[in-house]
Amino acid sequence: MDASVRLGFLTGEEPGAMHDAHVAAGFVLGEPFASREPYDFAASGLSTRVREHVPTMLKLRERPPPNEIYSLHRKLSGAYMLCIRLRAIIPCREAF
């Protein structure tokens, strides 16, 4: 949470539900890189699980994400959606 405040994603004053949604969405998005096995994007339900947290984040967010992050979010979202559409199974952890 401290890193999210330092990076400008959160003010630190948001209610607990916002923190929970922020952390949960981050963990879902990090799954492909945490998996020791090749990650099956199509079977993961990743977009549905992230989408579950969006209403909470939109309702309780006290500030928008930093401007610099919008293009990164779009690129990451596009890459995930492409992997889902292609039914890709990728050893993402090995990329890092």
Side-chain angles (χ1 to χ4, degrees):
M1 218 32 84
D2 292 336
S4 292
V5 171
R6 279 194 315 275
L7 291 170
F9 285 98
L10 302 172
T11 64
E13 302 298 320
E14 294 84 0
M18 173 60 189
H19 289 191
D20 293 346
H22 179 76
V23 169
F27 273 107
V28 171
L29 292 171
E31 276 180 12
F33 304 98
S35 176
R36 296 193 184 281
E37 300 296 322
Y39 193 79
D40 186 342
F41 281 87
S44 71
L46 190 137
S47 61
T48 301
R49 291 183 293 130
V50 169
R51 196 175 316 122
E52 292 172 0
H53 303 291
V54 170
T56 301
M57 290 189 284
L58 290 175
K59 181 179 177 185
L60 300 176
R61 181 173 299 282
E62 293 191 7
R63 73 165 58 151
N67 286 335
E68 310 83 43
I69 208 68
Y70 282 110
S71 63
L72 177 61
H73 277 173
R74 279 194 302 270
K75 288 178 183 183
L76 186 59
S77 175
Y80 279 19
M81 292 296 112
L82 182 61
C83 288
I84 291 167
R85 171 77 54 132
L86 294 174
R87 307 192 68 74
I89 300 173
I90 302 172
C92 297
R93 186 180 182 109
E94 292 177 15
F96 290 92

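Just the heavy atoms: all of them, side chains too, but no hydrogens, waters or symmetry mates, feed the values below.
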Item to check | Modelled atom types, side-chain donor and acceptor of Glu68 and Ser71, under 3.5 Å | outcome: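 Checked: Glu68/Ser71 side chains show no N/O donor-acceptor pair below 3.5 Å.
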Heavy-atom closest contact ([X] atom, [Y] atom, distance):
| X | Y | value |
| --- | --- | --- |
| Ala34 | Arg93 | O-NH1, 2.9 Å |
| Pro32 | Cys92 | O-CB, 3.1 Å |
| Ala25 | Met57 | CB-CE, 4.0 Å |

First locate atom [atom1] of [X], then atom [atom2] of [Y], and finally report the distance between them rounded to the nearest 0.5 Å.
| X | Y | atom1 | atom2 | result |
| --- | --- | --- | --- | --- |
| Leu10 | Leu60 | CG | CG | 11.0 Å |
| Ile90 | Tyr39 | CD1 | OH | 11.0 Å |
| His22 | Phe27 | NE2 | CZ | 10.5 Å |
| Thr56 | His19 | OG1 | NE2 | 13.0 Å |
| Ser35 | Asp40 | OG | CG | 10.0 Å |

Examine [X] and [Y] and state if one hydrophobic cluster contains both, with Ile, Leu, Val, Met, Phe, Trp and Tyr joined whenever side-chain heavy atoms are less than 4.5 Å apart.
| X | Y | result |
| --- | --- | --- |
| Leu76 | Leu7 | no |
| Met81 | Phe33 | yes |
| Val23 | Val5 | yes |
| Leu46 | Ile89 | no |

Checklist entry - Between Ser44 (side chain) and Phe41 (backbone), is there a donor-acceptor pair under 3.5 Å? => result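 Present.
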Next on the checklist: Checking the side chain of Glu14 only, and the main-chain atoms of Gly12 only, is there a donor and an acceptor separated by less than 3.5 Å?
Outcome noted: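 Judged by distance alone, yes, a pair lies under 3.5 Å.
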Checklist entry - Under 4.5 Å between any side-chain heavy atoms of Arg49 and Glu31, yes or no? => result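 The answer is yes; the side chains approach within 4.5 Å.
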Checklist entry - Can you tell if the side chain of Phe9 reaches within under 4.5 Å of the side chain of Ile69, non-hydrogen atoms only? => result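 Side-chain contact under 4.5 Å: yes.
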Checklist entry - Only one of Arg61, Arg63, Met18 forms a side-chain contact (heavy atoms from CB on, under 4.5 Å) with Thr11, so which one is it? => result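 Only match with Thr11 under side-chain contact (heavy atoms from CB on, under 4.5 Å): Arg63.
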